[in-house]
Amino acid sequence: MTLPRLIEFIGQRPTKAGGTVDEATDRLLRAGGESPLIEDFRAVAESTTPAGRLRHAPRPTLDWLSRFVVGQAGGPHKDAPLYELCHLVLALGGDGGRRAQVLLDPDGVTASRSRASFADHPGADEDGVTVEGDEGPFTIRFGRMPILAALYEFLCGMEGYGFYPQLEEILAGITGPADVRPAANQLSSHLRQYRKKNLPSARSEGKFTTIYGFLRDRSPENRLSIDDSAILDFWCLHCQGKEFRGYRAVFDQFTRFMESLEEAGARRAVDEAAPLGTDREAGELDPADTDQSDPGGPGWTSPLAAFDQPPLNEIKFLKGSSERKPMEALMDHGPHALHLPLAFLRYEVFGQVQAGITNDLQVGRGAEAVARRITCDEAESYGARMATVEKLAAHVDQLQKAALHVLASAPSPAIPANDEKIVPLEMAARAYKTLTRKGFTAAPDDDSRATFRQAAPALVAVGTLLRGYLSALTQLDGHGLDRHFQTDRETFSERFRALYGDPQ
């Protein structure tokens, strides 16, 4: 396909988008993305269908793509999705027109459309399509294809479409299994250069150097130790400076630092252009060691994102202000909140107080409002926050039981009707009946059963995280949660007064 035809195919007039599209773009800005990168990303993020809808779902597709572009997704090897994309190209055949037809569908790429596109492929089944790759059979799930399509579209438009001719030449060379790895390595090499040009990281590296020096001085020899107190102590020491003024920002910097340590091997492989391969002694990285199934790679993705996508968004699993909003920060931070429960409590409680102070100053609410916040007297107690988490966990438990009831109501239930070992089905039925909200109909039909089946993994993930965090808070409570709160309130109030002055 020629470049003019490509541009005509995917459209040149994106509409202004908001919400999570802007959130995904903000990730690039926070990473220091230069203007060309932002423009390349927005060309994908804001492209619309002929009917005016966004072609790519903000969550999880654009959220994942923004993380991939800045090198925060893709498993142990950041660019492993390129290897997956090359297998998808192999499955599509060497016809560039068909590649564009499937991956640049003007109406958007969905799992169901992808399934239809491969209906006649000999390696297709209900879940995905399997091709003979360079290391044996390789399966690409239909649910994964919308993300790979967004990646392909980003590569097409990269550098203002300047990379497109080279991209098509590389992909046209994939005619058999042996061509996959060289093509993926060529794409990876070019993408590394693109990141170096458009993602200056000196600022983040400077912050990481400061954090590293702080941890090195307080950790055992040859081992960095990050615990709850480390984050608070670091913030108290550095909050007078502009870069570490906000406690929440410091918490996020520490979690990114932890992720960088976990990905150190992958970072080294990327920086040294380690090729994909099975010869470990030659420095190659075996794609079999990477996680091809998780679109977020090692980076955590909030399970709440699933409820924003159709058909799950047609059912009111969570009410916005009373049920979803109180758990959003926890779902966003995931395992980090479990690893650093007290630090995350401070993030939620006193981080909110600091956000309120900043907002008061920005809108000019006056000295009295700022002075009231600085005392932290109105801060939510840790005990109250724990009670909220317990209430949320109980609600998600009810949702899980309700889902069980829906699935068990099928003529040939996914869960045997006589299986009482998980949850008694009478209890599940009662849970379903108590949920009088959109989508919880009196008699579940096949469509609702299919939707609840899709929702089940996300409900389990949300419930597991809530219960894990509640367990961590229970352990803290055993050591005096109220005492922690009183001590922290004094510490934060003192720091806030030093930061923002005494308005009186």
Side-chain angles (χ1 to χ4, degrees), residues 18-20 23 58-60 63 248 300-334 336-338 341 344-356 359 373 376-406 423 427-442 444 448 451-452 454-474 476-477 481 485:
T20 51
E23 290 173 12
R59 293 173 177 163
D63 179 71
R248 284 181 171 177
W300 170 261
T301 299
S302 170
L304 294 180
F307 300 109
D308 297 323
Q309 301 304 311
L312 273 62
N313 60 353
E314 297 298 323
I315 295 181
K316 198 71 173 179
F317 288 100
L318 296 166
K319 296 178 180 178
S321 59
S322 61
E323 296 167 354
R324 175 163 177 157
K325 187 174 179 59
M327 69 169 75
E328 279 187 335
L330 174 61
M331 295 298 130
D332 286 341
H333 288 83
H336 294 306
L338 301 187
F344 186 71
L345 263 181
R346 294 163 180 154
Y347 177 101
E348 291 206 286
V349 173
F350 294 105
Q352 180 60 37
V353 173
Q354 189 174 23
N359 189 59
R373 290 193 193 272
C376 297
D377 288 343
E378 298 177 2
E380 180 186 26
S381 72
Y382 291 167
R385 182 59 196 158
M386 180 176 172
T388 297
V389 176
E390 190 166 19
K391 183 178 179 180
L392 293 171
H395 173 64
V396 175
D397 282 349
Q398 291 294 96
L399 289 174
Q400 292 178 0
K401 293 173 185 175
L404 173 63
H405 167 71
V406 173
V423 175
M427 185 183 299
R430 287 197 300 270
Y432 183 84
K433 292 177 182 178
T434 63
L435 294 166
T436 55
R437 53 183 69 192
K438 180 182 177 183
F440 288 76
T441 57
S448 64
T451 302
F452 273 82
Q454 291 184 47
L459 290 173
V460 170
V462 171
T464 298
L465 183 53
L466 284 168
R467 286 296 173 187
Y469 186 52
L470 185 61
S471 176
L473 295 185
T474 301
L476 286 175
D477 194 34
L481 201 57
F485 174 72

Worksheet item: Aromatic rings F317 and F307: how do their planes relate, parallel, tilted or perpendicular, breaks at 30° and 60°?
Response: tilted
Response to the item:
In short, P311 meets Q454 closest at the heavy-atom pair CD-OE1, 3.7 Å
Worksheet item: R248 and Q354: side-chain contact (heavy atoms from CB on, under 4.5 Å), yes or no, with the steps?
Response: CA-CA 9 Å; R248 284 181 171 177; Q354 189 174 23; over 6 Å; no
Worksheet item: Going from CD on E380 to CD on Q352, what distance comes out if it is rounded to the nearest 0.5 angstrom?
Response: 9.5 Å
Worksheet item: What heavy-atom pair brings I315 and T451 nearest, and what distance separates the two atoms?
Response: CD1-CG2, 3.6 Å
Worksheet item: Would you say E390 has more than 12 foreign heavy atoms packed within less than 6.0 Å of its CD?
Response: no
Fill in: Any donor-acceptor pair under 3.5 Å from Q398 side chain to Y432 backbone
no
Practice prompt. Locate the shortest heavy-atom distance separating A403 from F452; write the atom from each residue and the value.
Written response: CA-CD2, 3.7 Å
Worksheet entry | Derivation and outcome, side-chain contact (heavy atoms from CB on, under 4.5 Å), residues M386 and L470 | CA-CA 7 Å; M386 180 176 172; L470 185 61; 4.1 Å; yes
Fill in: Spacing of CG belonging to L304 relative to CG belonging to L465, to within rounding of 0.5 Å
9.0 Å
Worksheet entry | Aromatic centroids of H333 and Y347 separated by under 6.0 Å | yes
Practice prompt. Test L318 against H395 for side-chain contact (heavy atoms from CB on, under 4.5 Å), laying out the working first.
Written response: CA-CA 9 Å; L318 296 166; H395 173 64; 3.9 Å; yes
Worksheet item: Do the side chains of L345 and Y469 get nearer than 4.5 Å, heavy atoms only?
Response: yes
Worksheet item: For the atom pair CG (L392) and CG (D397), what is the distance rounded to the nearest 0.5 Å?
Response: 11.0 Å
Worksheet item: Could you go step by step and tell me if V389 and R385 meet the side-chain contact (heavy atoms from CB on, under 4.5 Å) rule?
Response: CA-CA 6 Å; V389 176; R385 182 59 196 158; 4.2 Å; yes
Item to complete: Indicate the atoms forming the closest heavy-atom contact of L338 with G468, along with that distance.
Response: CD2-C, 3.5 Å
Practice prompt. Please confirm whether the backbone N or O of A431 pairs with a side-chain atom of T434, one donor and one acceptor, at under 3.5 Å?
Written response: yes
Worksheet item: Do P341 and L476 come close enough that some side-chain heavy atom pair is under 4.5 Å?
Response: yes
Practice prompt. Nearest 0.5 Å please: distance from the CG atom of L330 over to the CD atom of E348.
Written response: 6.5 Å
Worksheet item: Is E323 paired with R437 through a side-chain N to carboxylate O contact shorter than 4.0 Å?
Response: yes
Worksheet entry | Any donor-acceptor N/O pair, S448 side chain to P444 backbone, under 3.5 Å | no
Item to complete: Write down the atom of A458, the atom of P303, and the distance for their closest heavy-atom approach.
Response: CB-O, 3.8 Å
Discussion item. Would you say that H405 contacts R430 through its side chain, given a criterion of any heavy-atom pair below 4.5 Å between the two side chains?
Written reply: no
Fill in: Residue pair M331 / L466: nearest heavy atoms and the distance that separates them
CE-CG, 3.8 Å
